[in-house]
Amino acid sequence: MTPEPVEITLATLRALKRAGGKFACLTAYDASLARVLDAAGVDVLLVGDTLGMLVQGHETTIPVTLDDMIYHTRCVARARERALIMSDMPFMSAATPAQALANAARLMQEGGAHCVKIEGGRVMADAVRLLSERGLPVCAHLGLLPQSVRKLGGYRVQGREQHAAAELLEDAKILEQAGADVLLLECVPATLAGRITAATELPVIGIGAGTDCDGQVLVLYDMLGVTPGRRPRFSRDFLAGRGGVQAAVEEYVRAVKAGEFPGPEHAYS
Ligand code: KIV
């Protein structure tokens with residue numbers, strides 16, 4: 001499968017949502033794999049701060065620094081031809097709106113990110129607004145916030161209780177109004193993710209968020225079966241039974257775009 005050589009932009013993602021199409025995202029941390037993903041038709045390369053665990057060997061994403069993110073974004077940017085590059089704002093790099101602006105600018109200017117991702121709900125609205133007003137694209141990451149794992153006490157599904165679900169829906173609206181360009185929902189019940197996706201004009205990327213989001217992201221190492229320990233429920237080993245990484249990624253892109261992955265067995269209720 002050869003993807004169309006058209007560059008993916010935020011406008012592409014918005015148009016896909018309006019047309020009811022799906023888009024495929026994967027994490028990327030280095031040039032060699034980013035090249036394979038890009039060639040296989042992955043629409044968004046997420047330079048996720050999961051690199052702290054998967055590349056650096058830390059227990060959480062908390063030790064990842066802005067300089068780490070810039071370094072890995074740069075590696076990915078050198079290989080990318082078509083996909084949109086989204087880069088994580090690491091732990092506390094958006095603690096104030098002014099810090100968010102300065103650090104997001106570095107990720108874009110020095111790293112080559114096209115869009116930054118910020119973890120947090122309404123508390124991040126002022127930062128998102130400032131970035132949006134200054135022309136920096138933002139993805140707002142809601143649901144399970146891995147940078148808050150020490151407060152949450154573990155990686156758990158979020159938004160199961162009625163009040164928590166209402167709060168998440170409200171957060172999505174507040175962040176859309178603040179100027180977010182994309183939403184990402186991590187580990188939320190499938191029905192709630194579907195309600196949020198239907199309630200916003202923004203493209204919504206899901207991970208552990210059921211079948212109804214506009215786009216899907218997986219951690220690359222999970223879907224290649226490299227992650228040590230138990231694979232998360234919402235992932236699948238796409239490499240098993242295939243001839244190589246490129247074939248596995250092509251199958252992932254095909255399955256997401258055809259609405260075959262994720263299936264109900266990958267969702268939380
Ligand atoms: O850092 C990351 O890889 C992420 C995904 C889990 C969505 O944010």
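Keep in mind that this is a model prediction, so the values were computed, not measured.
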Counting C-beta onward and ignoring hydrogens, is there a side-chain heavy-atom pair between [X] and [Y] closer than 4.5 Å?
X	Y	result
Tyr155	Thr60	yes
Val76	Asp30	no
Thr211	Phe261	no
Arg236	Met223	no
Val116	Asp88	no
Glu186	His141	yes
Ile118	Val138	yes
Thr27	Leu218	no

Rounded to the nearest 0.5 Å, what separates atom [atom1] in [X] from atom [atom2] in [Y]?
X	Y	atom1	atom2	value
Cys139	Leu183	SG	CG	7.0 Å
Glu119	Ser93	CD	OG	9.5 Å
Lys22	Cys213	NZ	SG	7.0 Å
Ile62	Phe91	CD1	CZ	5.0 Å
Ile196	Glu170	CD1	CD	11.0 Å
Leu169	Lys173	CG	NZ	4.5 Å

Applying side chain to side chain contact (heavy atoms under 4.5 Å, CB included), run through Val217 and Val44 and close with a yes or a no.
-> CA-CA 9 Å; Val217 65; Val44 178; over 6 Å; no
Distance-only criterion, 3.5 Å: show the donor-acceptor pairs between side-chain atoms of residues 46-59 and protein atoms not counting sequence neighbours.
| from | atom 1 | to | atom 2 | distance (Å) |
| --- | --- | --- | --- | --- |
| Asp49 | OD2 | Gln147 | NE2 | 2.7 |
| Thr50 | OG1 | Tyr29 | OH | 2.7 |
| Gln56 | NE2 | Asp68 | OD2 | 3.2 |

Should Leu168 and Val188 be marked as a side chain to side chain contact (heavy atoms under 4.5 Å, CB included) after you check the CA-CA gap, both sets of side-chain angles, and the distance that decides it?
-> CA-CA 9 Å; Leu168 265 178; Val188 300; 3.8 Å; yes
If hydrophobic clusters are built by linking Ile, Leu, Val, Met, Phe, Trp and Tyr wherever their side-chain heavy atoms come under 4.5 Å apart, do [X] and [Y] end up in the same one?
X	Y	value
Leu202	Ile174	no
Leu101	Met124	yes
Leu145	Leu175	no

Quick one: which of Leu144, Leu142, Leu185, Leu192 gives a side-chain contact (heavy atoms from CB on, under 4.5 Å) with Gln158?
-> Leu144
Looking only at heavy atoms, which two atoms of [X] and [Y] are closest? And how far apart?
X	Y	answer
Asp126	Arg129	OD1-NH1, 2.8 Å
Cys115	Leu84	CB-CD2, 4.4 Å
Met86	Ile205	CE-CD1, 4.1 Å
Pro203	Val182	O-CG1, 3.4 Å
Ala105	Leu136	N-CD2, 3.8 Å
Ala98	Leu130	N-CD2, 4.2 Å

Ignoring hydrogens and angles, tell me if any N or O in the side chain of [X] forms a donor-acceptor pair with the backbone of [Y] under 3.5 Å.
X	Y	answer
Asp214	Lys17	no
Arg242	Phe238	yes
Gln216	Cys25	no
Thr73	Met69	yes
Ser235	Pro232	no

Side chain to side chain contact (heavy atoms under 4.5 Å, CB included) between Leu10 and His114: does it pass, once the steps are laid out?
-> CA-CA 9 Å; Leu10 292 169; His114 301 144; over 6 Å; no
Would you say that more than 12 heavy atoms from the other residues, nucleotides or ligands in this model lie under 6.0 Å from the [atom1] of [X], or not?
X	atom1	answer
Arg160	CZ	yes
Glu161	CD	yes
Tyr71	OH	no

What pairs of donor and acceptor atoms, side-chain ones from residues 262-269 against any protein atom, are under 3.5 angstrom apart with sequence neighbours left out?
| from | atom 1 | to | atom 2 | distance (Å) |
| --- | --- | --- | --- | --- |
| His266 | ND1 | Gly263 | N | 2.9 |

Salt bridge or not for [X] and [Y], using N-O below 4.0 Å?
X	Y	value
Asp38	Arg82	no
Asp171	Arg122	yes
Lys257	Asp43	yes
Arg254	Glu260	yes

So, Thr197 and Asp212: side-chain donor and acceptor under 3.5 Å apart, yes or no?
-> no
Partners meeting salt bridge (Lys or Arg N to Asp or Glu O under 4.0 Å) with Asp67 (sequence neighbours left out) = Arg106
Run the side chain to side chain contact (heavy atoms under 4.5 Å, CB included) check on Tyr252 and Leu26 step by step: do they pass?
-> CA-CA 9 Å; Tyr252 167 72; Leu26 282 175; 3.5 Å; yes
